Student: 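I'd like to ask some things about the structure below.
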Amino acid sequence: MRYTQLGRTGLKVSRLVLGTMNFGPQTDEADSHTIMDAALDAGLNFFDTANVYGWGDNKGRTESIIGSWFAKGGERRDKVVLATKVYGNMAADGEAWPNHDKLSAVNIRRAVDASLKRLGTDYIDVYQFHHVDRNTPFEEIWQAIDVLIQQGKILYTGSSNFPGYKIAQANETAARRGGTIGLVSEQCLYNLAERRAEMEVVPAAREYGLGVIPWSPLHGGLLGGVIRKEVQGGRRASGRAADTLADPTSRAQIQAYEDLLDKHGVEPGETALAWLLTRPGVTGPIVGPRTAEQLASALRAVELELSEELLTALDEIFPGPGPSPEAFAW
């Protein structure tokens, strides 16, 4: 495994991030533990989750699965850089009691204690704001975070799904307060087929020293060889991937992608991950394996070297927006 610093911090993390969203809903506890063991054995030390994972009546289940894995000992907790998220409504029926969601100081205090209990740990390495809360000022958010840091409950903070201007606003507010490190990472939707983050999110993250952590690196399976799998009688596309393939132009784009990689003798999913690892500012993409075999495929991406010829061809199939601000200014 290869490692890098998380943004401007001294925290060393693996170039792949283990996403745990499938733990519980799609992968049972025993298999989830097997995947986490395999990840740690491979040197992958950065685990990402969220308080709402498990979904529906089982919100919090994913954190509990991680907690039961930590409880097995073997220095599991000490070896893991643990990231979780706050914002979501934790009510099973979807009707949140006032102040039981989003980023008010009272909910942050309540949510972190609940996450710590489920995770079976006394601290969280990176506590992330899952979404923008338009109703809570950053002065209030940072005041709450400062207390948690002083209590030793969290070490760093990150954002998820923030636009560039909110990254700037958050860290400028932190700087004015003094003594607050501010955001150190940003999770955003970013992959070969979805490059809008390059317009402002990635530039803002780089300017403020945030590590970029792309989620959905295979764009819902579209970049994982989806057409080949259909032809071979494997798992058919569903959800966003199926909707995209229903459009003839988009299907032709994905077919060109798969044809290109066949020519170069590389796997689609591994290439999509390896491409993200070449992007400026990217710490590492989140991989969410449902099985140990999918984890093994993701791990191979770290060692995959993409030629300049292949990188150029990928840009031709999936052109990015171009440099910022030139891409939108003129």
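The structure presented is a predicted model; accordingly, all values stated were derived computationally and were not measured. Throughout, numbering of the chain's residues begins at 1 and tracks the sequence. Atoms considered below: every heavy atom in the structure, side chains included; atoms not considered: hydrogens, waters and symmetry mates.
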Student: With a 4.5 Å limit on heavy-atom distance, are the side chains of L18 and I286 in contact?
Tutor: no
Student: Using a 6.0 Å cut-off, check whether atom NZ of K72 has over 12 heavy atoms from anything other than its own residue.
Tutor: yes
Student: Within 45° of the six-membered ring axis of F70 and under 6.0 Å from that ring's centre, is NZ or CZ of R77 located there?
Tutor: yes
Student: May I have the step-by-step check of side chain to side chain donor-acceptor pair (under 3.5 Å) for N45 and S14, ending in yes or no?
Tutor: CA-CA 6 Å; N45 76 333; S14 50; 3.2 Å; yes
Student: Within a strict 4.5 Å, meaning less than it, do heavy atoms of the T4 and R15 side chains meet?
Tutor: yes
Student: Looking only at heavy atoms, which two atoms of A272 and P217 are closest? And how far apart?
Tutor: CB-O, 4.0 Å
Student: Show your reasoning for whether side-chain contact (heavy atoms from CB on, under 4.5 Å) applies to Q128 and T84.
Tutor: CA-CA 6 Å; Q128 303 163 113; T84 192; 5.6 Å; no
Student: Is it the case that one hydrophobic cluster holds both M21 and I66, taking links as side-chain heavy atoms less than 4.5 Å apart, direct or via other members?
Tutor: no
Student: So does H219 get a backbone contact from the side chain of E194, meaning a donor-acceptor N/O pair under 3.5 Å?
Tutor: no
Student: Any sub-3.5 Å donor-acceptor pair from D125's side-chain atoms to A83's backbone N or O?
Tutor: no
Student: Please give me the minimum heavy-atom distance between N191 and S216, naming the atom from each residue.
Tutor: ND2-O, 2.7 Å
Student: Will you find, in the side chains of S104 and E140, an N or O donor that is under 3.5 Å from an N or O acceptor?
Tutor: no
Student: Thinking salt bridges, do D315 and R195 make one under a 4.0 Å N-O criterion?
Tutor: yes
Student: For the residue pair F129 and F162, categorise the inter-ring angle as parallel (less than 30°), tilted (30 to 60°) or perpendicular (more than 60°).
Tutor: parallel
Student: Do E186 and S159 pair up side chain to side chain, a donor and an acceptor below 3.5 Å, judged on atom types alone?
Tutor: yes
Student: With sequence neighbours excluded, tell me which residues meet ring pair (Phe, Tyr, Trp, His ring centres under 6.0 Å) with Y156.
Tutor: none
Student: In terms of side-chain geometry, is the basic nitrogen of R2 or E305 positioned less than 4.0 Å from the acidic oxygen of its partner?
Tutor: yes
Student: If you measure from the Lys or Arg side-chain nitrogens to the Asp or Glu carboxylate oxygens, is any gap between R76 and D37 under 4.0 Å?
Tutor: yes
Student: Any heavy-atom pair between the side chains of L314 and L192 that's under 4.5 Å?
Tutor: yes
Student: Do the side chain of E258 and the main chain of R228 share a donor and acceptor less than 3.5 angstrom apart?
Tutor: yes
Student: Is there a donor in the side chain of Q169 and an acceptor in the side chain of K166, or the other way round, less than 3.5 Å apart?
Tutor: yes
Student: I need the minimum non-hydrogen distance between C188 and A197, along with the two atoms involved.
Tutor: SG-CB, 4.2 Å
Student: Specify the closest pair of heavy atoms between L295 and A38, including all atoms of both residues, with the distance to one decimal.
Tutor: CD2-CB, 3.7 Å
Student: Of W275, Y257, Y190, which is the lone residue that meets ring-ring contact (aromatic ring centres under 6.0 Å, His included) with F318?
Tutor: Y257
Student: State, with a plain yes or no, whether a side-chain heavy atom of K263 is found less than 4.5 Å away from one of D259.
Tutor: no
Student: Which pair of non-hydrogen atoms, one from N171 and one from L183, has the smallest distance, and what is that distance?
Tutor: OD1-N, 2.8 Å
Student: Nearest 0.5 Å, please: how far is OG1 in T62 from CG in N51?
Tutor: 10.5 Å
Student: Are V106 and W142 connected into the same hydrophobic cluster when the rule is that any two of I, L, V, M, F, W, Y join if their side-chain heavy atoms are below 4.5 Å apart?
Tutor: no
Student: Sorted by first residue and then second, give each salt bridge (Lys or Arg N to Asp or Glu O under 4.0 Å) pair with at least one member in residues 102-111; sequence neighbours left out.
Tutor: none
Student: To the nearest 0.5 Å, what is the distance between CG on L311 and OG1 on T271?
Tutor: 10.0 Å
Student: Between W69 and F23, is the ring pair (Phe, Tyr, Trp, His ring centres under 6.0 Å) condition met? List the steps.
Tutor: CA-CA 12 Å; W69 180 72; F23 294 176; 9.3 Å; no
Student: Do V302 and L40 belong to the same hydrophobic cluster, where Ile, Leu, Val, Met, Phe, Trp and Tyr are linked whenever their side-chain heavy atoms lie under 4.5 Å apart, directly or via other members?
Tutor: yes
Student: Rounded to the nearest 0.5 Å, what separation is found between the CG atom of D28 and the NE2 atom of H33?
Tutor: 9.5 Å
Student: Check whether D133 reaches the backbone of L103 with its side chain - one donor and one acceptor, N or O, closer than 3.5 Å.
Tutor: yes
Student: Linking I/L/V/M/F/W/Y whenever any side-chain heavy atoms sit under 4.5 Å apart, do I124 and I145 land together?
Tutor: yes
Student: Roughly how far apart are E63 CD and L82 CG, rounded to 0.5 Å?
Tutor: 8.0 Å
Student: Determine the minimum heavy-atom distance between S250 and T244, stating which atoms define it.
Tutor: CB-O, 3.3 Å
Student: Donor-acceptor pair, T34 side chain versus A30 backbone, under 3.5 Å?
Tutor: yes
Student: Taking the basic N atoms (NZ, or NE/NH1/NH2) and the acidic carboxylate oxygens, is any pair closer than 4.0 Å for E230 and R251?
Tutor: yes
Student: If you measure from CG on L223 to CD1 on I254, what distance do you get to the nearest 0.5 Å?
Tutor: 5.5 Å
Student: Taking S160 for its side chain and H131 for its backbone only, find out whether a donor-acceptor pair lies under 3.5 Å.
Tutor: no
Student: Should V17 and Y53 be counted in the same cluster of Ile, Leu, Val, Met, Phe, Trp and Tyr side chains packed under 4.5 Å apart?
Tutor: no
Student: Just by modelled atom types, is the P203 backbone N or O under 3.5 Å from a matching donor or acceptor in the E207 side chain?
Tutor: no
Student: Side chains of V86 and N107: closer than 4.5 Å at any heavy-atom pair?
Tutor: yes
Student: Is there a side-chain contact between Y123 and L155 (heavy atoms, below 4.5 Å)?
Tutor: yes
Student: Do the charged groups of R300 and E267 touch, with an N to O distance under 4.0 Å?
Tutor: no
Student: Start with the C-alpha distance between L11 and Q5, add both sets of side-chain angles, then the distance that settles side-chain contact (heavy atoms from CB on, under 4.5 Å), and finish with yes or no.
Tutor: CA-CA 5 Å; L11 190 64; Q5 308 302 124; 5.7 Å; no
Student: Could you check whether any side-chain N or O of S297 sits under 3.5 Å from a backbone N or O of Q294, counting only pairs where one atom can act as donor and the other as acceptor?
Tutor: no
Student: Any chance the side chains of E29 and S68 put a donor and an acceptor closer than 3.5 Å?
Tutor: yes
Student: Would a distance-only check, ignoring hydrogens and angles, find a side-chain to backbone donor-acceptor pair under 3.5 Å from Q253 to I317?
Tutor: yes
Student: Please test L44 against L299 for side-chain contact (heavy atoms from CB on, under 4.5 Å), starting from the C-alpha separation and ending with a verdict.
Tutor: CA-CA 9 Å; L44 198 161; L299 290 169; 4.1 Å; yes
Student: List the residues meeting salt bridge (Lys or Arg N to Asp or Glu O under 4.0 Å) with E326, not counting sequence neighbours, and say none if there are none.
Tutor: none
Student: If we count only N and O atoms by modelled type, under 3.5 Å, do the side chains of Y127 and K153 hold a donor and an acceptor together?
Tutor: no
Student: So do M36 and I65 actually touch side chain to side chain, heavy atoms under 4.5 Å?
Tutor: yes
Student: Please determine, by modelled atom types, if D48 and Q187 share a side-chain donor-acceptor pair under 3.5 angstrom.
Tutor: yes
Student: Determine whether L6 and V184 satisfy the following criterion, side-chain contact (heavy atoms from CB on, under 4.5 Å), listing intermediate values before the conclusion.
Tutor: CA-CA 7 Å; L6 179 61; V184 303; 4.1 Å; yes
Student: Decide if atom CG of D247 counts as having more than 12 heavy atoms of other residues, nucleotides or ligands within a radius under 6.0 Å.
Tutor: yes
Student: Can you measure from CG (L210) to OG (S185) and round to the nearest 0.5 angstrom?
Tutor: 6.5 Å
Student: Do D146 and T180 meet the criterion of a side-chain donor-acceptor pair at a distance under 3.5 Å?
Tutor: yes
